[in-house]
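Notes to accompany the following structure.
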There are 2 protein chains.
Amino acid sequence: MNIGDVADRTGLPAKTIRYYEDINLIKPLRDSNGYRRFREQDIHKLSFLGRARALGFTIEDCRTLLALYEDETRASSDVKRVAQDHLAQIDAKIADLRAMRDTLSHLVKACAGDDRPDCPILKDLGGNS
Amino acid sequence: MNIGDVADRTGLPAKTIRYYEDINLIKPLRDSNGYRRFREQDIHKLSFLGRARALGFTIEDCRTLLALYEDETRASSDVKRVAQDHLAQIDAKIADLRAMRDTLSHLVKACAGDDRPDCPILKDLGGNS
DNA sequence: TTTAGGGGTTCCAGCCACGGGAAGGTCAAG
DNA sequence: CTTGACCTTCCCGTGGCTGGAACCCCTAAA
């Protein structure tokens with residue numbers, strides 16, 4: 001299967017697939033004309049990567065997870081640790097964003113949003129609390 | 001005031017301050033020895049930028065906000081629009097992260113985390129739902 | 001047979017908002 | 001006079017791609 005079909009099947013852009021080969025996440029074969037030839041296992045790995053990325057795992061996490069996936073003798077605790085660490089990072093990000101949103105939504109509510117120059121948002125940013 | 005003192009006063013790294021000059025957000029003066037000389041207005045702008053960045057505004061948003069801040073004849077609606085757009089982006093990000101977290105926390109809970117290889121996290125990533 | 005088109009390939013640059021580090025100039029204290 | 005803490009510019013790297021140029025390959029139609 002060529003890269004375009006793989007892109008269609010996995011939902012990943014061809015550019016991304018080439019990038020994943022570049023950084024050694026997948027190793028498709030090559031036809032005599034230089035085209036990449038993808039086996040089912042390559043496509044399966046790419047789908048795995050697509051789902052892992054959709055859950056927000058970094059590429060390096062994906063590399064680790066893929067290695068664990070391929071290792072029949074892994075311990076599930078190793079997988080769980082990676083997932084838990086990532087979960088903690090997500091929670092931290094959510095907390096950061098919520099703090100921003102809270103501050104920001106207060107300011108937005110306090111702003112008249114008319115044609116007058118007076119604006120509590122700018123006042124706050126300017127240090128006038 | 002030199003860049004180190006400004007960094008101390010604003011909490012921004014010197015590197016960041018130089019970068020902000022590079023992209024024309026601030027225009028400090030120069031001493032005869034080539035050192036940047038910061039006036040109170042520069043420091044004030046930098047504090048403004050620090051607060052805006054802390055609220056997650058992009059640099060381009062900051063540029064816009066700073067221009068509005070300096071323009072006495074602005075309409076508060078212009079400021080509010082920028083803030084509201086940003087708020088919407090934050091909400092979208094939070095929603096994305098929450099979806100990830102929900103999926104991920106289910107998987108983490110379902111994973112035994114012991115020394116056996118069986119793992120629902122990998123099963124899910126592998127497409128076995 | 002040529003031509004058009006839709007694949008594929010490589011490589012290089014750019015995104016965002018800086019951070020690290022090299023190589024060198026400047027200044028105040030001891 | 002030396003030391004060490006500043007300051008300067010410059011260039012590279014980050015993550016995870018994306019866009020585009022310049023080129024090759026393959027098939028079908030005129």
Side-chain angles (χ1 to χ4, degrees), chain A residues 1-38 42-43 45-46 48-66 85-86 89-90 92-93 96-97 100, chain B residues 1-38 42-43 45-46 48-66 85-86 89-90 92-93 96-97 100:
Chain A
M1 191 135 51
N2 283 349
I3 199 166
D5 302 316
V6 176
D8 288 346
R9 264 191 62 185
T10 61
L12 296 172
K15 279 271 189 187
T16 299
I17 297 172
R18 290 196 194 96
Y19 173 66
Y20 287 173
E21 186 192 13
D22 249 31
I23 62 173
N24 299 310
L25 281 176
I26 51 164
K27 300 191 198 310
L29 303 176
R30 292 291 177 140
D31 280 340
S32 53
N33 59 9
Y35 286 20
R36 289 170 183 80
R37 185 157 55 82
F38 294 85
D42 298 317
I43 293 160
K45 273 197 202 182
L46 286 169
F48 183 101
L49 290 168
R51 278 185 285 265
R53 291 287 300 133
L55 286 180
F57 285 105
T58 65
I59 290 286
E60 283 318 301
D61 279 347
C62 288
R63 197 188 298 281
T64 304
L65 290 171
L66 206 45
D85 286 358
H86 179 45
Q89 301 236 6
I90 289 179
K93 257 188 204 164
D96 283 357
L97 287 171
M100 288 181 193
Chain B
M1 190 138 45
N2 283 349
I3 199 167
D5 302 317
V6 176
D8 288 346
R9 264 191 62 185
T10 61
L12 296 173
K15 278 271 187 186
T16 299
I17 297 171
R18 290 195 195 97
Y19 174 66
Y20 287 172
E21 186 191 14
D22 249 32
I23 61 173
N24 299 310
L25 281 176
I26 52 164
K27 300 192 197 308
L29 304 176
R30 293 290 178 141
D31 281 340
S32 54
N33 59 10
Y35 287 20
R36 289 169 183 80
R37 186 157 55 83
F38 294 84
D42 298 317
I43 294 160
K45 274 197 202 182
L46 285 169
F48 182 102
L49 290 168
R51 276 184 288 264
R53 292 287 299 131
L55 286 180
F57 284 106
T58 65
I59 290 286
E60 284 318 300
D61 280 346
C62 288
R63 196 187 299 281
T64 303
L65 290 171
L66 205 46
D85 286 357
H86 180 46
Q89 301 236 7
I90 288 179
K93 257 188 206 164
D96 283 357
L97 287 171
M100 288 181 195

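Below, chain A is the first sequence line, B the second, and so on; all start at residue 1. These numbers come from a predicted model, not from an experiment.
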Closer than 4.0 Å, any side-chain N/O of Arg53(B) to the OP1 or OP2 of dC18(C)?
yes

When the distance from CG of Asp22(A) to P of dT9(C) is rounded to whole Å, what number comes out?
12 Å

Below 4.5 Å, heavy atoms only, C-beta onward: do Leu49(B) and Tyr20(B) meet side chain to side chain?
yes

Of the candidate nucleotides dC18(C), dG8(C), dC17(D), which contains the atom at the shortest distance from the side chain of Ile3(A)?
dG8(C)

Could you state the CZ-P distance from Arg37(B) to dC27(C), rounded to the nearest angstrom?
14 Å

With a 4.5 Å cut-off on side-chain heavy atoms, are Leu29(B) and Arg36(B) touching?
no

State which of dT9(C), dG8(C), dC17(D) makes the closest approach to the side chain of Arg36(A).
dT9(C)

To the nearest Å, give me how far apart CG (Asp61(A)) and P (dG15(D)) are.
12 Å

Whole-Å distance, Leu55(B) CG to dA17(C) P, equals 14 Å

Distance check, rounded to the nearest 0.5 Å: Phe57(A) atom CZ versus Ile90(A) atom CD1?
7.5 Å

Take the protein atom CG of Asp8(A) and the nucleotide atom P of dG6(C), then report the distance between them rounded to whole Å.
15 Å

Run Glu21(A) and Lys27(A) through salt bridge (Lys or Arg N to Asp or Glu O under 4.0 Å) and show every step you take.
CA-CA 6 Å; Glu21(A) 186 192 13; Lys27(A) 300 191 198 310; over 6 Å; no

Which of residues 27-35 of chain B sit near DNA chain D, with a heavy atom under 4.0 Å from it?
Arg30(B), Gly34(B), Tyr35(B)

Asp42(B) side chain near Val6(B) side chain, heavy-atom distance below 4.5 Å
no

Examine dT18(D): is either OP1 or OP2 under 4.0 Å from a nitrogen or oxygen in the side chain of Thr16(A)? Give yes or no.
yes

In terms of heavy-atom contacts, Ile26(A) and Ile17(A) come closest through CD1-O, 3.8 Å

Would you say Tyr20(B) reaches dC18(C)'s phosphate, i.e. side-chain N/O to OP1/OP2 under 4.0 Å?
yes

Flag side-chain contact, heavy atom, 4.5 Å: Ile3(B) against Tyr35(B)
no

To the nearest angstrom, the OH-P distance between Tyr19(A) and dT9(C) comes to 18 Å

What integer distance in Å separates Ile17(A):CD1 from dG7(C):P?
14 Å

Do Ile59(A) and Leu25(A) come within less than 4.5 Å of each other through their side chains, counting heavy atoms only?
yes

Check nucleotides 20-22 of chain D against the protein and report each pair of N or O atoms closer than 3.5 Å, with its distance, or say if there are none.
unit_1, atom_1, unit_2, atom_2, d
dG20(D), O6, Lys15(A), NZ, 2.3

Mind calculating the distance between CZ (Arg18(B)) and P (dG21(C)) to the nearest angstrom?
15 Å

If you check every side-chain atom of Pro13(B), which of dT9(D), dC17(D), dG19(C) has the closest atom?
dG19(C)

Just verifying a value: how many Å separate Thr16(A) OG1 and Arg53(A) CZ, rounded to the nearest 0.5 Å?
9.0 Å

